[in-house]
Structure formats: structure tokens, C-alpha cells
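Chain letters run A, B, ... following the sequence lines, proteins first and then strands; every chain starts at 1.
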Amino acid sequence: MLGLNKTDTKFLLIVIFLTLATPILLQPFAENSGLAQFNAGYPDLMQRFAIYGIFAIGFNLLFGLTGYLSFGHAAFLGVGSYSAVWMLKLLSMNVLPGILLAMVVSGLFALVIGFISLRRSGIYFSILTLAFAQMSFNLAYSVLTPLTNGETGLQLSLTDPRILDAANTSGSLPVTNLFGAAMSESYKLEFLNRVFTFNVGYYFCAILAIIAFYISLRIFRSPFGLMLRAVKSNQQRMNYTGLAARPYTLAAFVISGMYAGLAGGLLASMDPLAGAERMQWTASGEVVIMTILGGAGTLMGPVLGAGFIKYLENIFSKINEHVLHGWFSWLPDGLQDLVVWIAARFTGEGWHLTLGLMFMLVVIFLPGGLMEGGQRIGKLFRRGREDVPDDGTGNRPKPAPHVAE
Amino acid sequence: MSNANFTRRGLLKSSAVAGAGLAMPTIFTGAAWSFTNEPTAGTVTLGFNVPQTGPYADEGMDELRAYQLAVEHLNGEGDGGMLSTFSSKALDGAGILGNKVAFVTGDTQTKSDAARASAKSMIEKDGAIMISGGSSSGVAVAVQGLCQEAGIIFMAGLTHSNDTTGKDKKANGFRHFFNAYMSGAALAPVLEKAYGKDRKAYHLTADYTWGWTQQESIQKATEAIGWQTVNNVMTPLASTDFSSYITPVLQSGADVLILNHYGGNMVNSLTQAVQFGLRDKMVNGKQFEIVVPLYSELMAKGAGKNIEGVFGSTNWSWKLQDEGTKAFVKSFGTKYGFPPSNAAQTCYAQTLLYADAVSRAKSFNPCAVVEALQGDSSSLPGIDSAANKGFLFDGLGNGQTLYRAADHQCFKDVLVMKGKENPENEYDALEIVEVTPVKQVWYEPDNPMFAGGNLGECNPGA
């Protein structure tokens with residue numbers, strides 16, 4: 001189907017199923033139970049899962065296939081967001097023009113940055129991309145303030161022209177929509193004491209994420225993808241055989257930048273605000289961590305990594321001392337304070353520490369990321385069976401030997 | 001090939017579809033709610049969204065303490081604090097409208113993006129019916145916009161930009177804290193008395209909405225008393241080192257440095273300015289002076305000896321002697337062991353004001369709450385203006401205060417403060433120079449510094 005072999009088709013169908021069923025899968029705990037804290041099935045977070053999934057898939061196309069570690073991918077995310085918000089301000093509250101422009105602008109941006117940065121490889125390439133991203137960040141903060149509204153962030157206002165939309169007389173800001181279907185519209189379903197929220201914005205992101213995933217799958221399987229992998233395994237040998245690597249890497253860089261632009265445009269479509277901090281180097285580092293945590297060079301890994309980090313950031317960071325005291329109230333007073341104090345270092349605003357520890361553990365013990373962990377567990381259960389694994393791992397590229405390469 | 005697996009998936013999928021079909025008749029919850037996050041099961045959830053990391057983290061933590069205290073008092077725990085001194089008696093210490101008050105907290109990281117994500121999760125996941133918080137006007141403006149769209153009440157915490165209740169005002173948003181215009185109006189006469197009419201000012205300004213409007217307000221107010229403005233330099237909010245901005249000040253011929261910085265930024269820039277010896281210099285035959293238009297106790301504590309003799313303004317001080325202040329300082333001090341900052345007071349007051357408005361409106365519906373906070377057209381005495389209408393209250397520490405219906409801004413006395421020469425302890429770093437009467441800081445809603453905005457309609461959401 002769709003130019004995929006049987007295993008890949010099955011893999012894609014599983015991904016589609018998981019994506020569409022996310023609102024149900026992420027809401028496993030009953031509403032009033034103590035574990036409801038860990039439910040993640042609310043629209044904002046699900047949208048983020050899908051959007052950062054796209055971002056990480058795109059990043060993986062560059063890093064996973066060619067091995068070029070870009071440390072400035074957040075710049076494309078930011079550029080995409082700004083373009084989309086400007087479209088929402090000037091043209092229409094329909095999100096499509098914004099998303100298209102976001103992809104075009106970030107693609108052009110990537111072409112320029114890639115053209116210069118790809119003259120070098122390895123650490124020099126990483127530093128160059130990082131420099132460009134920091135430059136964009138600082139420009140957005142200072143001289144480009146008329147375009148970006150600086151630290152306050154670019155926002156919609158009642159006086160924006162929006163030339164394609166009917167005049168707004170309601171006195172309140174219009175909402176982003178897709179041909180009239182508001183992104184914030186939700187459909188709630190109560191079932192077995194659980195509330196499942198089916199959100200228009202999420203399904204819009206999810207469908208784009210599936211398309212993005214399908215395209216990345218096709219690239220992985222294509223001759224072009226093979227060329228990119230050749231760049232990773234031995235660029236010198238490739239040059240000796242008379243193949244120019246630059247056009248391939250540049251194409252991968254631009255595609256990857258457009259993925260990031262799409263993610264940025266979607267972020268702005270779900271919540272029409274763009275802040276410069278989206279371009280900061282920490283945001284670039286985040287996507288690197290997502291990809292490595294999940295498994296660089298695998299198809300599913302980066303998406304898992306993105307979900308993992310966003311889950312920690314949004315759910316774990318909400319466990320404050322107040323909640324912890326609730327959990328440990330059965331302990332005697334002095335001991336309770338001590339346990340809460342220790343636990344609080346790892347939750348709430350200390351979630352970064354938990355993430356850091358997880359990252360260290362993964363890099364040391366599972367160099368292939370969470371995907372490798374999954375495969376190892378899968379193997380345990382499948383021991384003794386000779387057939388090809390059925391989760392699509394069959395003809396996928398082997399995980400990178402080690403992330404530091 | 002294990003086709004069995006595939007079939008199992010299929011089975012799972014079809015049973016999920018069947019399950020959804022069976023559950024159909026119970027859907028529609030959306031239509032059943034008249035407004036977003038209507039409280040159920042006897043609890044009402046408030047969302048407190050403050051910076052716990054970043055340059056304003058100290059202020060954020062103090063705000064959080066105040067919120068916790070307010071929730072305790074609303075639920076009838078502790079000594080009740082300002083509930084007993086508040087002029088409106090609708091609150092009885094049994095929660096809000098009989099619902100126990102619960103709260104969730106979030107970290108804004110002093111970034112608009114993170115703040116909106118955190119506020120969104122409070123609204124969508126935790127069912128918060130009111131969001132309060134701030135500490136950065138950029139964040140407050142962004143979250144206020146979000147709350148307007150979502151149909152949630154936003155009770156701004158510490159936000160001092162004119163835009164919050166000016167250009168970016170929203171029907172669902174309310175501000176108790178004073179603003180940059182009021183700081184300028186209160187400070188100018190004091191500065192004139194202390195430093196004379198012939199001064200040259202150099203501004204260092206945090207580069208976002210608050211810095212911009214404060215700089216504009218102070219420039220206007222000081223130029224009205226005859227000062228000149230030599231230069232205005234923008235500094236990024238994220239900077240921690242200001243030395244490169246301070247060196248050019250001396251070469252500019254200015255004899256006053258105005259620091260439009262707040263929180264950690266101000267602690268650093270003031271400390272560096274003093275270390276560079278600015279305050280020991282004589283320029284144009286006059287002593288060089290530094291002014292920090294917006295002060296806080298926490299900044300004063302952070303800057304230590306460097307703030308001695310430096311003028312600034314605050315919304316409130318724990319040293320005031322009215323009944324409300326005394327009650328609040330007592331219960332805050334008992335719980336935490338030190339006096340509250342003016343950020344804490346505004347957050348505490350905002351929580352009480354919201355609870356009181358709900359109780360008076362007898363409904364959590366945001367539109368009813370907006371109406372209750374806009375009040376019954378009572379007026380502040382002594383001010384002759386058509387806009388002098390709103391909800392008048394007393395006993396929350398600032399004396400008689402008006403929540404103005406026209407722009408949802410509170411009007412009350414403003415304090416001009418000065419760094420104390422010989423503080424007795426680290427909480428005693430500021431002294432009150434003057435309590436500027438509300439009349440002097442009053443402005444009309446159509447003042448050019450606040451023009452361009454529109455409250456719009458209240459939005460109850462769902």
C-alpha cells in the first residue's frame with residue numbers, strides 16, 4: 001500500500017492507530033483517583049506530543065540518516081512560528097496559509113544556513129548551526145523587534161487587518177480555525193468515569209504528523225535515503241567513488257528545516273503567540289535530546305523521545321511539594337518532611353534533574369535509545385522464535401552504534 | 001509472519017469503536033456546561049501561575065506563599081488574615097460559595113510561551129476556574145489573552161506595565177497592582193524636591209512591554225519637572241551582566257541613572273552601577289544619583305547596602321499601619337517567619353477579591369464575576385471624573401481602593417520608598433518617604449499611554 005511493503009504498511013497502520021487513539025490511551029486513570037495526576041490526555045499536551053513529534057522526525061532525517069548534528073534547529077521552529085502568526089494577523093485566521101508560509105520561509109532559511117554550514121562537518125558544523133540559531137535569537141530580541149515584538153512575543157490583536165476574514169465585530173479575538181472548524185473545539189466523552197477529550201486541533205496536528213511520518217518512512221526506504229546513510233557511514237569513500245555528498249546533505253538539511261518550520265507553524269496555529277525563546281539554544285538542545293533519548297536513526301524513536309520529554313515537562317513538573325505531602329502523609333512527621341524534600345528535588349521545577357538522570361542512563365546502558373530498550377524487552381518475550389519481528393523493525397536501519405559519533 | 005497479532009489489533013480497534021458507540025448517549029457534556037470548568041463535587045480549583053525559575057523567581061516564590069495563605073484563609077484555616085478587615089463581608093471562611101478551595105501551581109519560567117503552556121494545562125487538565133499570577137508583564141499580558149480566549153477569569157498578580165490595563169486590557173482580566181504611569185506620577189515630585197529641576201537622566205530599560213511603558217512614563221513625568229533625557233538603552237531580560245551597559249553612562253554627561261529593571265536584573269545592574277563607583281561621582285557639579293522606579297522588598301534584600309538612599313515606588317509596604325496590613329503581616333509572619341513583599345500582598349488581595357466577587361455574584365460564571373468586580377458605580381471621594389466608577393473596597397492594606405469598571409485597574413495610594421541608611425535587619429531595607437494620595441496618580445482611561453485597547457466582551461467559554 002502507498003508504495004510500502006507489507007511490514008512497513010503494518011507499521012504505518014499501527015502508528016496511525018496509536019496516533020488517532022491517543023486521547024483514549026493517555027487517559028488511563030479514573031477522574032477522581034489519586035493517579036489522575038498522571039493522565040496526559042488534555043488537548044494542549046496532546047497537540048505538543050504531535051507537534052514535537054514532527055519536529056523530532058524532521059531532525060532525525062538529518063541527524064539519524066546523515067549523522068550531521070545540527071545544534072540550531074530551533075531557529076527554524078521559531079521562524080515558522082513567526083511566519084504563521086504574521087499570516088494569522090494579516091491574512092486570515094484559517095491556519096493553512098500560515099502553515100504553508102512557515103514551511104516555505106523555514107525552508108529558505110535552512111537553504112541559506114545549510115549552504116554555509118555544510119561546508120564543514122562534525123563539531124564545526126554543529127557550532128556553525130548553533131551560531132546561526134543564537135544569532136537569530138538575538139536578532140529577534142533586539143533589532144527585529146518591530147517584526148517579532150521582542151520579549152513580549154508576537155500576539156494577535158483586535159486591530160489586525162486579516163484581509164480575507166469578515167470584519168470582526170464581536171469585540172473579542174477570533175480563534176484559529178480550519179475552514180470554520182475552530183482549533184480549540186473539543187468533544188468530550190465520559191466513559192467509565194474517565195473524560196476523553198477529542199480536540200479538533202489535536203486531530204489536525206495528528207493527521208499532519210502521520211503524513212510527516214509517512215514521508216519520513218518513504219525517505220528512509222528510498223535511494224535518496226540510502227545516499228544519506230552512505231554519507232554517514234563514510235563520506236570520504238563516497239567522494240572517491242565520484243559522488244558529491246553536498247547536494248544530498250543540503251537537501252536533507254532543507255527537508256529537515258521544513259519539518260521544523262511545520263512544527264513551528266503548528267505551534268502558532270494551536271496557540272497564536274510566538275516568542276523568541278523558541279529559538280534559544282536550549283530549545284535546539286531539547287530536540288537533540290528527544291532524538292537521542294528515543295533512538296537516533298530509528299523511525300519511531302524520536303517521536304517516543306519527544307513524547308517522553310513533553311510528558312516530564314508538563315506532568316512531572318506539576319508535582320509540587322503540596323502534592324508530595326499528600327502522597328507521603330502516611331509517614332511520621334519528621335520522616336515525611338525528609339522524604340518530601342528529597343522527592344521535591346526530582347519533581348516540580350526539579351524535573352530537569354530527572355530528565356538528566358534518565359538521559360544519562362539511556363546513553364550509558366541503551367545507546368540505541370528507548371527503541372533499543374523496547375527491542376530488548378521484545379526479544380525477551382520472543383526468545384526462541386525465528387521469524388522476523390512484526391513491529392516493522394525488520395528492514396529498518398540499525399540504530400547508530402553510539403550517539404557520540 | 002504473525003498474523004495473529006494483526007487480528008488482535010483489529011479486534012482491539014473494533015471493540016474500541018463499539019465501546020465508543022455504546023457510550024454515545026452520554027456525550028454532550030460540552031453543551032451541558034454553561035461556562036468553562038464549572039466547579040463540581042464541592043471543590044473549586046484556582047490556578048497560580050508564577051515564575052519559579054528565571055530572573056523574577058524570588059518574587060514568584062513569595063507570590064506562591066501569599067496564594068497558599070489566601071487559600072487557607074478562604075477555607076477557614078489559620079487566623080483569617082485580611083478576611084476580618086476587608087470591607088466586603090460576603091466571605092465566611094467556608095470556601096467559595098460552599099466549595100472548598102483547591103489550587104494548582106505552575107512555573108512560567110518568566111517566558112510567555114512556557115507561561116501559556118502552563119496556564120493551558122491548568123485550564124484543560126486541572127479544571128482551574130481562575131488563573132492568577134504574573135511577575136512579568138510580558139507573561140501577564142500573554143496569559144491574560146489566553147484566559148480571555150478560554151473564558152477564564154485572570155486576576156493579574158505582579159504586573160506593572162501600562163499595557164496590562166491599557167493597550168492589552170481584556171474583559172476577563174483584572175489588575176490590583178499599580179502601574180508605571182502611577183509610579184511616574186508619584187515619583188516625580190519627590191525627585192524634584194530631592195534632586196532639583198535641572199538634571200540629565202540616562203535610562204537602562206528591560207526590553208519588553210513593562211520596560212517600554214515604564215521608561216515612557218518616567219521620561220514623561222521627569223521631563224514635566226524640567227529634567228532632560230540623555231539616552232535610553234534597552235537590555236535583554238535574560239542578561240545577568242550589565243557592565244557593558246553601565247560604562248557608557250559616565251561618558252554621556254548624564255547625572256542620574258534610571259534603572260527600569262526588576263527582580264534579579266535590578267539587583268545585578270544596581271550592584272554593578274555602585275561597584276563602578278557611579279554614586280561617588282560628581283557630574284555637572286552635582287552628585288550622581290540612581291533611581292529605581294519600581295522597588296520590591298526582595299530586590300532591596302538582594303541588593304543589600306547598594307540601595308541606601310535610592311528612591312523608588314511600591315504598591316504597598318508591610319510597614320504601613322492600617323488594620324488590614326497588620327492582620328496580613330501577622331498571619332504571613334506567623335506562617336513563614338518573615339514579612340511579605342508587596343508582590344505577595346497584591347496576590348493575596350487578588351485571590352480574596354476574586355472569591356468575594358464570586359460570593360457577591362452568587363455564581364462562578366465569569367460574566368457574573370466580571371459584573372461583580374465592576375461594582376455598583378461607587379466612586380472614590382475627591383476625584384471629579386466620569387470614569388470614577390467601579391467597585392469600592394477597603395481593608396486590604398491599601399486604604400480605600402477603587403476597581404475601575406472602565407479598564408479593570410485598581411486606584412489607590414502609591415508609596416514612594418527610599419533605601420534605608422542603617423537598616424536594622426534585611427527586611428528593613430526600605431523606608432516610606434511619602435504616601436502619594438490616589439488623586440495625584442489618577443488618570444483618565446483614554447490617556448495616550450493607555451490608548452489603543454478595548455476590553456471587549458466578557459467570555460464565559462464553553
Please determine whether side-chain contact (heavy atoms from CB on, under 4.5 Å) holds for the pair B/Ser112 and A/Glu277, giving the CA-CA distance in whole Å, both sets of side-chain angles, and the decisive distance to 0.1 Å. CA-CA 9 Å; B/Ser112 318; A/Glu277 57 269 9; 4.2 Å; yes

side-chain contact (heavy atoms from CB on, under 4.5 Å) evaluation trace for A/Arg278 with B/Lys111: CA-CA 10 Å; A/Arg278 266 181 209 172; B/Lys111 293 177 184 168; over 6 Å; no

Between B/Lys120 and A/Gln47, is the side-chain contact (heavy atoms from CB on, under 4.5 Å) condition met? List the steps. CA-CA 12 Å; B/Lys120 263 192 154 181; A/Gln47 289 162 5; 4.1 Å; yes

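Interface summary for chain A: among B/Val104, B/Asp163, B/Ile123, B/Asp126, the most heavy-atom pairs under 4.5 angstrom belong to B/Asp126. Listed options A/Thr145, A/Leu45, A/Asp271, A/Ile315 were ranked by heavy-atom pairs under 4.5 angstrom with chain B; first place goes to A/Asp271. Considering only heavy-atom pairs separated by less than 4.5 Å from chain A, the leading option among B/Gly138, B/Pro236, B/Ala142, B/Gly106 is B/Ala142. When each of B/Thr105, B/Thr53, B/Asp107, B/Val139 is scored by its heavy-atom pairs under 4.5 Å with chain A, the top score falls to B/Thr105. Per-residue counts of heavy-atom pairs under 4.5 Å with chain A were compared for B/Met234, B/Glu149, B/Arg116, B/Lys170; the largest is that of B/Arg116.
The structure places OH of A/Tyr141 at 11.0 Å from OG1 of B/Thr235, a figure rounded to the nearest 0.5 Å. Distance check: A/Ser81 OG to B/Asp113 CG gives 7.5 Å after rounding to the nearest 0.5 Å.
Residue A/Gln27: no heavy atom, backbone or side chain, is found under 4.5 Å from chain B. Residue A/Ala21: no heavy atom, backbone or side chain, is found under 4.5 Å from chain B. When heavy atoms are compared at a cutoff of 4.5 Å, B/Trp212 approaches chain A solely by way of its side chain, counted from C-beta outward. Contact annotation for A/Asn149: both backbone and side-chain heavy atoms come within less than 4.5 Å of a heavy atom of chain B. For A/Gln280, the part lying under 4.5 angstrom from a heavy atom of chain B is the side chain only.
What you find for B/Lys125 and A/Asn39 is that their closest heavy atoms are CE-O, 2.7 Å. Nearest heavy-atom pair, A/Arg48 versus B/Ala117, reported as atom, atom and distance to 0.1 Å: NH2-CB, 3.4 Å.
Take A/Thr22 and apply the side-chain hydrogen bond (donor to acceptor under 3.5 Å, both in side chains) test, not counting sequence neighbours, and it matches A/Tyr202.
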